[in-house]
Amino acid sequence: MFKSYYNSVVSSARSARWSPWSLLQPQKVSRSIPVTMTSQGIDQDDIPMPLLQKFKTSGHPLYAVRKNREEYLRKSLEEKAKEARWKLSTVTSVEDIPTWPDYATQNELERQPAKKSKGLGLGSKVSIWQGDITKLDVDAIVNAANRSLLGGGGVDGAIHRMAGNKLLQECKILDGCDTGDAKISAGYLLPARYVIHTVGPIVRSCGRDGVPKESRQFLESCYLTCLEKAQQHNNKQRQRQENLARLEMKAANSTQTKEEGEEEEGCRGAEAEKGEAEKERKAVEMSTKGDERLKEERQGGVPDESDGAKVRKHEQKDEGQGDVEDGNATSPKATETDTEKEATKVIDKDGGDVSRREGVGVGAESRNVEESQPTRHPEEAAVESRGALESKPERHLQEAAIVPPEPLIQSIAFPCISTGIFGYPQEDAAHVALETVQKWLETNDKSDIERVVFCLFLDSDVEIYEEQLPKFFPLNGDQNERSEPEEKEKSEEPPS
C-alpha cells in the first residue's frame, strides 16, 4: 500500500516537472501592480484638483504629485536655483544659443548647398549646442529613459538627480513607457519646465544592411512622438485657457445682470418708500384730527348741534342696553370709555383702520416703520432664495471642473537618443534625428515649436552634426532657390 502511494506521488511530481531542488531556490513573489488611470486611458492632467482630494485620504500619491507639479511650474528660475542650490551663471538660456546659420557663421563652416531644396528657411528654428542638458533653460528637455521611467544611467540618471525626488514620484504614476513612445512630466528643480521621457531602441548588432529597419522606425517614432506630444500639450493648454476665459465672461455677465436687477429693485423700493411715506402722512393727519375731536368731547364742547345730538342719543342707547342685559346696570364711566373707544377709531380714505390712543404712540410708530418697509411677493422671494442656493454650487462646480492652464512648450532640446550603451551608431542616429525633425517642421510650419536644440556631449557628435546639418537645413537657401528656375529655363530653351 505504501509503495503504491509512493509511486503515485513520484509520477505526479514527474508529470508536473517538479524537483526537490526547487525548494532551495528563491521563490518568485507575484506583486499585484495597482491599476493606474494611465493604463485605463484616462489623462491624469484633465482631472481637477477638487476631485483629486479624494486620493489625499486614500494614500494615493496622485494628489500630492499634481499639487507639486502646479507649484513648480509656477516657480521662477531664481526660486529653483535657491532651492536646488545651483548658480544661475551655470545655466544657459535658449536665447544665448545661436541658431544654425549663426553657428555656421561663427565657426566659419563651408556653405555647401544641398542637392534638393528641402529645409529652406527652417535653419532659424534649429540649433546645436555642446554641454550638459540639465543646465539648459528651455521649455522642455527630452530624456532618453528606459521603459520603467524610474531612472538609470547616463542622461536619464543625470536628469533624475538634478530634478529631485518629486520627478521620481510623478514617473511612478506615469506607469512606464513603451519603446518609441513619449510621456511628459514637470521639470521640478531642473531649469527646464518640462521633461519629455522617451524610450529609444536597443541595437544589439548591425549586420551588412546596417541598423535593423525596426530599430530605425522606433528611433523615428521617438523624435516624432516627442514633437507631437509637445504640440498636443500646447493645444490642450489653449483649450483650458478658452474654458477659463469663458467662465470669467459668464461670471462677469452674471454680476452685470445682478447689478442691473439691484438697480431696478432700488428704483422700485424708492417708489414704494414714497408711497408708504405719503400713506403714513395721511394716517398721521387723520389721527391728529381724531385726537382733537376726542379732546373736544372730553371738555364738553360740541361744535355742531347735530354732533351733540348724535352723541346724546348714542349715550342714551348705551345706558338702555346696560340696564336691560341680565339686569346689570352700567355706570356712566363705562359708557364714557365705550364712546372713547369708538371715537378713537378713525377710518382713512384708503380703507385702513388706524386706532390712536393716548399713551400708545410708541406702538404706532413701530407699526408705521414696519409699514414703510417694501413688501415682496412670497413667490418672488422664494425664487430669489432658490436662485441664490443653486447659483453658488453651480458656479463652484464649474470652477472645480476647469483645470488651470500650464505654460506652453515653445523650445525643446534633444539628446542623442539610443546612442552609447544602447548601441545605435552615431552617424545613423544623427541622420534619423535630423531627417525626422526637418520633415515635422515642414509639415507643421504653424506649430508653436520655435526652437529645436540638439544637445551634444561628445566632440565626435559635434563633428557628425556639423557635417550632416547642411544636407537637411541648407545655409545658402536663397542661391539654391534661384538656381532651380534657371536650370528649368535652360532646359526649356530649344537647341540652336
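All values derive from a computational prediction rather than experimental measurement. The figures here come from the full heavy-atom set of this structure, side chains too, leaving out hydrogens, waters and symmetry mates.
- Minimum interatomic distance between L88 and A81 (heavy atoms only, all atoms of both residues): CD2-CB, 3.8 Å.
- Between the side chain of W440 and the main chain of L227, no donor-acceptor pair closer than 3.5 Å is present.
- Without hydrogens or angle criteria, S411 side chain to R451 main chain gives no donor-acceptor distance under 3.5 Å.
- Note on E170 versus R69: salt bridge recorded, some NZ/NE/NH1/NH2 to OD/OE distance being below 4.0 Å.
- In terms of modelled atom types and a separation under 3.5 Å, the side chain of N235 and the main chain of Q231 share a donor-acceptor contact.
- The closest side-chain donor-acceptor pair between R246 and N243 falls under 3.5 angstrom.
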**OP:** Output, in order, the C-alpha distance, side-chain angles, deciding distance and verdict of side-chain contact (heavy atoms from CB on, under 4.5 Å) for W86 and V91.
**Re:** CA-CA 9 Å; W86 40 262; V91 178; 3.3 Å; yes
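- D459 and Q130 are linked by a side-chain donor-acceptor pair at a separation below 3.5 angstrom, with hydrogens and angles left out of the test.
- Side-chain contact of E442 with Q438: a donor-acceptor pair under 3.5 Å is present, judged by distance alone.
- Looking only at distances, no side-chain donor or acceptor of D448 sits under 3.5 Å from a matching main-chain atom of Q410.
- Checking side-chain atoms of N146 against main-chain N and O of G151 turns up a donor-acceptor pair under 3.5 Å.
- N107 places no side-chain N or O within 3.5 Å of a backbone atom of L109 that could act as its donor or acceptor partner.
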**OP:** Show the numbers, then the answer: is there a side-chain contact (heavy atoms from CB on, under 4.5 Å) between L408 and Q241?
**Re:** CA-CA 11 Å; L408 300 179; Q241 187 68 33; over 6 Å; no
Original post:
Can you check salt bridge (charged side-chain N to carboxylate O under 4.0 Å, His left out) on E70 and R66, steps first, answer last?
Top reply: CA-CA 6 Å; E70 293 183 0; R66 279 288 303 279; 3.5 Å; yes
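- Judged by distance alone, the side chains of Y72 and E83 do bring a donor and an acceptor atom under 3.5 Å apart.
- A donor-acceptor contact shorter than 3.5 Å links the side chain of T105 to the backbone of P101.
- What you find for R216 and Y424 is that their closest heavy atoms are CA-OH, 3.5 Å.
- In this structure, OG1 on T419 lies 11.5 Å from CG on D428, to the nearest 0.5 angstrom.
- Judged by distance alone, the side chain of K183 and the main-chain N or O of L174 form a donor-acceptor pair under 3.5 Å.
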